[in-house]
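Only one structure is covered here, and it is reproduced in the block below.
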Amino acid sequence: MGNMRKPLWRRLVPLAWGLAAAVALLFGLAWGVLQVQVTLAGFLNGESVWSKAQKQAVIDLDSYAVRGDARDLESYRHNYDVLAADRWGRDAIISGHYDKARVHQVFVQGNMLPAAESGMTFMMAHFSSAPYMASAIGAWRSTDGDLARLDAIAGELQRAYATGGPSQAEIDRQRDRIAAINQEIAPRSDRF
């Protein structure tokens, strides 16, 4: 009966606080879901950029092997630099010891979604051993050696063209090596 003597607005205050808490919880959950979606979009974008750079590096290196055109080598180097920067960023973030400004530059160099940078960094730093993340990162890491082999071929070709050019047999051999490496990368890239 004592509760009925309070004015209506005083009896509704706990309800108002409960409603405010529910609205705040909904906004918090919506923000969290949005962050997860932006982070996932960032990973998808990152994979797309990486895959495009990898494929273009192979195309450019093959063209360089055939023609010896410095522009093909320059384009190869640009795409390889994107791949190397991604590798460095991945390993640095996962290790937990990295320069935030340099990681930001990796995101800029790879044309990553700026809004996804913090979420992607957080996920790689704290959840890289989670089942799906570990599998994707493992597939990504498994291409590191192959990419280094491609870069070694680029160096061999550059030296050969600097000293008069490789023979047709050497060009064919290097192109076969490039194609074989690309064949090895493709299924792991798809898994990633």
Side-chain angles (χ1 to χ4, degrees), residues 37-94 98 102-117 119-121 123-124 128 132-162 165-192:
Q37 287 178 331
V38 167
T39 299
L40 288 174
F43 278 116
L44 289 172
N45 173 259
E47 188 282 328
S48 177
V49 168
W50 185 92
S51 183
K52 180 182 177 199
Q54 180 271 320
K55 286 176 176 68
Q56 192 60 50
V58 167
I59 291 167
D60 292 336
L61 188 56
D62 187 64
S63 294
Y64 180 65
V66 172
R67 299 187 313 219
D69 188 334
R71 290 174 296 188
D72 292 327
L73 180 62
E74 183 181 332
S75 182
Y76 162 79
R77 293 272 182 228
H78 169 76
N79 286 297
Y80 183 82
D81 288 347
V82 168
L83 299 170
D86 281 357
R87 180 181 60 237
W88 177 87
R90 173 199 69 208
D91 292 342
I93 292 168
I94 290 171
Y98 59 92
R102 177 123 187 257
V103 167
H104 174 72
Q105 275 309 114
V106 167
F107 276 85
V108 170
Q109 181 178 2
N111 291 323
M112 303 293 182
L113 296 172
E117 183 175 339
M120 291 174 69
T121 303
M123 291 294 292
M124 290 182 71
S128 61
Y132 291 109
M133 287 284 289
S135 174
I137 291 170
W140 186 7
R141 272 194 174 130
S142 73
T143 64
D144 292 352
D146 294 322
L147 294 174
R149 288 175 29 218
L150 276 180
D151 203 43
I153 292 169
E156 291 170 16
L157 287 168
Q158 186 176 19
R159 286 188 293 280
Y161 275 113
S167 67
Q168 187 59 48
E170 178 63 7
I171 290 171
D172 293 341
R173 184 182 80 82
Q174 294 290 27
R175 290 186 74 205
D176 288 344
R177 289 177 66 202
I178 294 165
I181 291 169
N182 190 47
Q183 289 292 338
E184 291 177 28
I185 291 173
R188 289 177 279 161
S189 176
D190 292 344
R191 230 183 359 217
F192 166 59

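All values below were derived from every heavy atom in this structure, side-chain atoms included, with hydrogens, water molecules and symmetry-related copies excluded. Sequential numbering from 1 along the given sequence is applied to the chain's residues.
- Going from atom CZ of Arg173 over to atom CD1 of Ile178 covers 10.5 Å, rounded to the nearest 0.5 Å.
- Between the side chain of Tyr161 and the backbone N or O of Ala65 there is at least one donor-acceptor pair closer than 3.5 Å.
- Minimum heavy-atom separation, Gln109 to Val82: NE2-N, 3.8 Å.
- Of the possible polar contacts, none joining the Ser51 side chain to the Glu47 backbone as a donor-acceptor pair under 3.5 Å is found.
- Under 3.5 Å, the side chains of Gln174 and Arg177 contain a donor-acceptor pair of N or O atoms.
- In this structure a side-chain-to-backbone donor-acceptor pair under 3.5 Å is missing from Tyr64 to Ile59.
- Going from atom CZ of Arg77 over to atom CG of Leu61 covers 8.5 Å, rounded to the nearest 0.5 Å.
- By the 6.0 Å contact criterion, CD on Glu170 is enclosed, its count of non-hydrogen atoms from other residues, nucleotides or ligands being greater than 12.
- Taking all atoms of both residues into account, the shortest heavy-atom contact from Ala53 to Asn79 is O-CB, 3.4 Å.
- Arg141 places a side-chain heavy atom less than 4.5 Å from the side chain of Ile94.
- Within the cation-pi definition used here (under 6.0 Å to the ring centroid, within 45° of the axis), Arg90 does not qualify as a partner of Trp50.
- Inspection of the Ser75 and Asp60 side chains reveals an N or O donor paired with an N or O acceptor under 3.5 Å.
- Expressed to the nearest 0.5 Å, how far CZ of Arg71 lies from OG of Ser63 amounts to 11.0 Å.
- Within the 4.5 Å cutoff, no side-chain heavy atoms of Val58 are placed close to those of Tyr76.
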Quiz prompt | Test side-chain contact (heavy atoms from CB on, under 4.5 Å) applied to Met112 and Asp86, step by step | solution = CA-CA 10 Å; Met112 303 293 182; Asp86 281 357; 3.9 Å; yes

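- Under the 3.5 Å distance criterion, the side-chain polar atoms of Thr143 are matched with a main-chain donor or acceptor of Trp140.
- Screening residues 104-117 for salt bridge (Lys or Arg N to Asp or Glu O under 4.0 Å), with sequence neighbours left out, gives no hits.
- At a threshold of 4.5 Å between non-hydrogen side-chain atoms, the residues Leu147 and Leu150 count as touching.
- Once rounded to the nearest 0.5 Å, the distance linking CG of Asp146 with CD1 of Ile185 reads 4.5 Å.
- To the nearest 0.5 Å, the span separating CD on Glu156 from CG on Asp151 amounts to 10.5 Å.
- For the pair Leu73 and Ala154, the tightest heavy-atom approach, listed with the atom from each and the gap, is CD1-CB, 4.3 Å.
- A donor-acceptor pair is defined here as one N or O able to donate and one able to accept, closer than 3.5 Å; such a pair exists between the side chain of Arg159 and the backbone of Gly155.
- From Ile137, atom CD1 reaches atom CE of Met123 across 9.0 Å, with rounding to the nearest 0.5 Å.
- Minimum interatomic distance between Ala85 and Val106 (heavy atoms only, all atoms of both residues): O-CG1, 3.5 Å.
- Contact check on Glu184 versus Arg149 returns a salt bridge, with a Lys/Arg side-chain nitrogen under 4.0 Å from an Asp/Glu carboxylate oxygen.
- Considering every non-hydrogen atom in both Tyr98 and Ile93, the closest pair reads CD2-CA, 3.6 Å.
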